[in-house]
Peer 1: 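Here it is, the structure, as structure tokens.
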Amino acid sequence: MAKHSVAKHDSYDAIIIGSGFSGLYALHHLRDTMGLNVRAFDGAGGVGGTWWYNRYPGARVDAPSSPFYAYTFSEDLVNEWEWTETQTSQASVLAYLEHFAEKFDLTKDIQFETWIQDARFDEALQRWTIETDTGEIATAQFLICATGALFIANKPDYPGFDDFSGECYHTGRWPHEPVSFAGKRVGVIGTGSSGIQAIPEIAKEAAHVTVFQRTPQYSLPARNRLLAEGELAQYREDWEELRGSMYKRGGWPFKTTRRQAAEHSSEERRAVYEELWEEGGIHLSINSFRGVLVDKELNEEVSQFVRDKISELVQDPETARKLQPDYHFGTKRLILDNGYFETYNRDNISLVDIRENPIESFGRSSVRTRDEEHPIDVLVLATGFDAVTGSMLNINPKGVGGISLEEKWSERFNTYLGATVPDFPNLFMIHGPSSPGVLYTMPLGGERTTLWIAECIRHLQENELASMNATDAAAASWDKEINDMADQTLYPLTNSWYVGANIPGKPRQFLAHLRGSQYFDRLSDVAQTGFKGFEFKASALSREA
Ligand code: NA7
């Protein structure tokens with residue numbers, strides 16, 4: 001996509017960083033609905049955010065997708081976009097976002113291939129100033145950070161890693177040119193969602209795949225299929241109702257179960273798990289019995305059910321043993337796969353458990369574990385991201401008194417409402433730490449957060465105020481609320497990227513609000529009751545009056 005030159009004037013009402021789902025919607029809403037003068041910047045060469053970068057083979061939405069992983073605000077869009085599969089592919093999501101950008105004429109206000117190098121709050125002017133890597137400076141009253149929860153790639157810091165001289169790709173930074181695996185020996189490090197989606201596809205083409213696994217995973221069958229004749233038409237017909245349900249429930253229109261485990265025998269419960277496994281998708285996690293993520297005993301029953309399934313699916317008992325997860329089911333990001341476990345029945349794949357047999361060094365075309373040297377031509381790093389906080393810290397904005405976000409977040413990732421940070425007035429994050437973020441339907445979460453940001457802006461405009469700043473007290477109490485909620489569940493007990501455990505040295509903190517619908521009710525409530533928890537500064541105009 002062609003690079004747009006910076007607009008003639010460099011002073012805006014709002015600057016948006018990022019042009020993924022949330023950034024694009026924010027641009028559309030703030031510019032077209034509110035009439036603001038808005039400019040967006042993105043380091044990528046085109047729209048799409050996560051979907052622009054994550055082009056690895058097999059990349060798909062890892063949640064119930066068509067047609068729910070999409071914008072909900074425009075019935076036009078719902079009616080005109082032709083989803084084809086139940087689990088949407090990366091290419092299809094990206095095409096949808098490109099269509100969205102074109103339909104609403106958004107790209108003319110986005111500057112691509114431009115990284116924000118600095119962002120500073122000017123207290124005298126009560127405005128943000130940004131500097132780009134292309135040498136431009138721009139100012140705005142509002143800085144909207146739609147920078148993505150899964151953006152900064154986590155690359156393992158293995159000693160001697162640079163000795164490897166073969167091809168090497170991170171799943172989150174996949175090349176735009178096709179990567180050929182034909183006839184090659186491929187090593188994949190990492191078995192999160194990305195690795196588990198990519199491995200079956202790579203194995204179809206490569207001479208051999210060696211998977212280096214640190215933590216075995218629970219993965220449920222996605223059972224991706226083409227949408228049946230009439231299915232999309234039915235969704236469209238029911239759209240108002242479905243949308244209403246998405247708002248009321250956790251971002252999806254599905255009802256979660258009210259069934260109580262204690263009221264059923266273990267045989268009956270097993271039959272329920274079997275039925276939900278066959279149904280595929282996330283149903284086993286949300287529809288079996290109440291409390292799977294709270295009650296250790298019940299969780300262990302579901303965990304064991306999935307372990308048994310893995311043993312049934314994988315023919316070699318030693319490989320099946322290595323694939324048995326041992327953490328609480330559902331407390332790491334749940335994975336949906338298309339034939340992952342079955343792939344281990346091929347004769348061109350082997351699994352190395354690097355907890356038993358750690359990676360020690362790299363050769364020019366090999367990975368050496370303690371017991372063995374594995375010849376590798378192509379190395380795929382499916383090692384995830386510095387999730388949720390990484391993309392904001394990468395920008396490291398400077399707030400009141402020049403305090404940097406890095407300093408502010410040195411011990412805890414404090415936010416108020418998951419969208420603002422004390423001492424960073426008029427800076428808004430979409431999917432920030434302690435928002436529902438990745439645990440909610442992200443496109444809908446982006447829409448709803450943007451609507452709240454719009455209310456904040458309207459409030460300032462109507463009251464001739466220049467800025468709003470969350471108080472430390474409000475952030476501390478929000479932090480407590482999020483943690484108390486998480487502590488009632490099994491989530492914090494597991495080393496996952498939800499608690500920052502995948503990044504050495506990252507402060508451990510549960511990074512998401514667990515009840516999406518309540519969260520958005522809360523945002524509305526804060527807006528309707530005079531924005532409790534914020535301090536305001538009057539604009540120069542009203543000060544003079
Ligand atoms: P994830 O879910 O963070 O998975 C990363 C995988 O890489 C996981 O298996 C990690 O093991 C492994 N990993 C991370 N660092 C290392 C090192 N140093 N050595 C070996 N293995 C390592 O990232 P994904 O890209 O798969 O998915 C991210 C999200 O994107 C996903 O949840 C979806 O929402 C879409 P670990 O489990 O930490 O032991």
Side-chain angles (χ1 to χ4, degrees), residues 20-21 49-51 53-65 69 87-90 93 148-161 169-174 187-199 210-220 222 251 282 285 322-323 325-328 330-337 340 351-362 367 369 379-388 390-391 431 436-443 445 491 494-506 508 511-512:
F21 261 105
T50 243
W51 300 104
Y53 289 101
N54 285 267
R55 299 164 181 254
Y56 58 84
R60 288 180 183 277
V61 176
D62 66 343
S65 41
Y69 188 86
Q87 194 196 14
T88 316
S89 68
Q90 173 271 337
V93 182
L150 298 161
F151 175 64
I152 299 291
N154 170 37
K155 296 199 176 148
D157 190 16
Y158 287 118
F161 187 74
Y169 308 103
H170 191 284
T171 45
R173 287 288 177 281
W174 201 258
V188 181
I189 303 182
T191 52
S193 220
S194 306
I196 284 182
Q197 289 184 343
I199 288 162
T210 308
V211 177
F212 299 93
Q213 169 195 272
R214 187 163 72 180
T215 307
Q217 299 273 14
Y218 299 99
S219 179
L220 305 178
I282 60 167
S285 87
K322 289 186 204 159
L323 287 166
D326 53 9
Y327 61 93
H328 300 299
T331 53
K332 269 172 170 305
R333 175 76 175 188
L334 207 57
I335 297 170
L336 303 181
D337 72 275
Y340 173 65
L351 177 67
V352 180
D353 179 339
I354 58 172
R355 293 194 296 197
E356 293 173 354
N357 192 8
I359 294 176
E360 291 194 333
S361 64
F362 292 79
V367 176
T369 51
L379 199 51
V380 173
L381 302 177
T383 42
F385 303 89
D386 181 357
V388 187
S391 63
H431 303 311
V438 290
L439 291 178
Y440 193 73
T441 319
M442 293 200 83
Y491 279 109
T494 296
N495 287 332
S496 69
W497 58 258
Y498 292 155
V499 295
N502 62 330
I503 303 295
K506 186 166 174 172
R508 190 178 180 106
L511 290 168

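Numbers here are sequence positions counted from 1. Ligands are counted one by one from 1 in listed order, and the atoms in each one are counted from 1 as well.
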Peer 1: For Lys506, look at atom NZ and say whether over 12 heavy atoms of other residues, nucleotides or ligands are found less than 6.0 Å away.
Peer 2: yes
Peer 1: So which protein heavy atom does atom 2 (O) of ligand 1 come closest to, and at what separation?
Peer 2: Trp497 NE1, 3.3 Å
Peer 1: Please confirm whether Tyr56 and Tyr169 have ring centers closer than 6.0 angstrom.
Peer 2: no
Peer 1: At what distance is the nearest protein heavy atom to atom 34 (O) of ligand 1, and which residue and atom is it?
Peer 2: Asp62 OD2, 3.0 Å
Peer 1: Relative to the heavy atoms of Ile354, which atoms of ligand 1 are at a distance of less than 4.0 Å?
Peer 2: 20 (C)
Peer 1: Taking C-beta and beyond as the side chain, do Gln90 and Arg60 meet within less than 4.5 Å on heavy atoms?
Peer 2: no
Peer 1: With atom 28 (C) of ligand 1 as the reference point, say which of Tyr327, Phe385, Tyr498 has the nearest heavy atom.
Peer 2: Phe385
Peer 1: Quick one, Arg508 with Asn495, criterion side-chain contact (heavy atoms from CB on, under 4.5 Å). Give me CA distance, side-chain angles, the key distance, then yes/no.
Peer 2: CA-CA 9 Å; Arg508 190 178 180 106; Asn495 287 332; 2.6 Å; yes
Peer 1: Would you sort out whether Trp174 and Val380 count as a side-chain contact (heavy atoms from CB on, under 4.5 Å), showing the intermediate values?
Peer 2: CA-CA 10 Å; Trp174 201 258; Val380 173; 4.0 Å; yes
Peer 1: Is there a donor-acceptor pair closer than 3.5 Å between any side-chain N or O of His431 and the backbone N or O of Val438?
Peer 2: no
Peer 1: Please check if atom CG in Asp157 has more than 12 non-hydrogen atoms from other residues, nucleotides or ligands closer than 6.0 Å.
Peer 2: no
Peer 1: Under 3.5 Å, is there a donor-acceptor pair between the side chain of Thr191 and the main chain of Thr215?
Peer 2: yes
Peer 1: What residue and heavy atom of the protein are closest to atom 36 (P) of ligand 1, and at what distance?
Peer 2: Thr215 OG1, 3.4 Å
Peer 1: Nearest to atom 10 (C) of ligand 1, what protein heavy atom do you find, and at what distance?
Peer 2: Arg214 NH2, 4.2 Å
Peer 1: Suppose I only count heavy atoms of Ser194 and a 4.0 Å limit; which atoms of ligand 1 are within that range?
Peer 2: 24 (P), 25 (O), 26 (O), 27 (O)
Peer 1: Considering only the protein, which heavy-atom contact is closest to atom 31 (C) of ligand 1, and what is its distance?
Peer 2: Ser193 CB, 3.5 Å
Peer 1: Tell me the protein heavy atom at minimum distance from atom 18 (N) of ligand 1, and give that distance in Å.
Peer 2: Pro156 CB, 3.5 Å
Peer 1: Give the residue and atom name of whichever protein heavy atom lies nearest to atom 9 (O) of ligand 1, and the separation in Å to one decimal.
Peer 2: Thr191 N, 2.9 Å
Peer 1: Just checking, is any N or O donor in the side chain of Gln197 or Tyr340 under 3.5 Å from an acceptor N or O on the other one?
Peer 2: no
Peer 1: Does ligand 1 have a heavy atom under 4.0 Å from the side chain of Lys332, from its backbone, from both, or from neither?
Peer 2: side chain
Peer 1: Provide, to 0.1 Å, the distance between atom 19 (N) of ligand 1 and the closest protein heavy atom, together with that atom's residue and name.
Peer 2: Tyr158 OH, 2.5 Å
Peer 1: For Phe212, run the side chain to side chain contact (heavy atoms under 4.5 Å, CB included) check against Leu381, Leu351, Val188, Val367 and tell me which one passes.
Peer 2: Val367
Peer 1: Quick check on contacts: which atoms of ligand 1 are under 4.0 angstrom from a heavy atom of Gly192?
Peer 2: 2 (O), 4 (O), 6 (C), 8 (C), 9 (O), 26 (O)
Peer 1: Only heavy atoms of Ile189, strictly under 4.0 Å: list the atoms of ligand 1 that pass.
Peer 2: 20 (C), 21 (N)
Peer 1: Taking only heavy atoms of Asn154, which atoms of ligand 1 are found under 4.0 Å from at least one of them?
Peer 2: 14 (C), 15 (N)
Peer 1: For atom 5 (C) of ligand 1, state which one of Ala382, Gly190, Pro358 supplies the nearest heavy atom.
Peer 2: Ala382
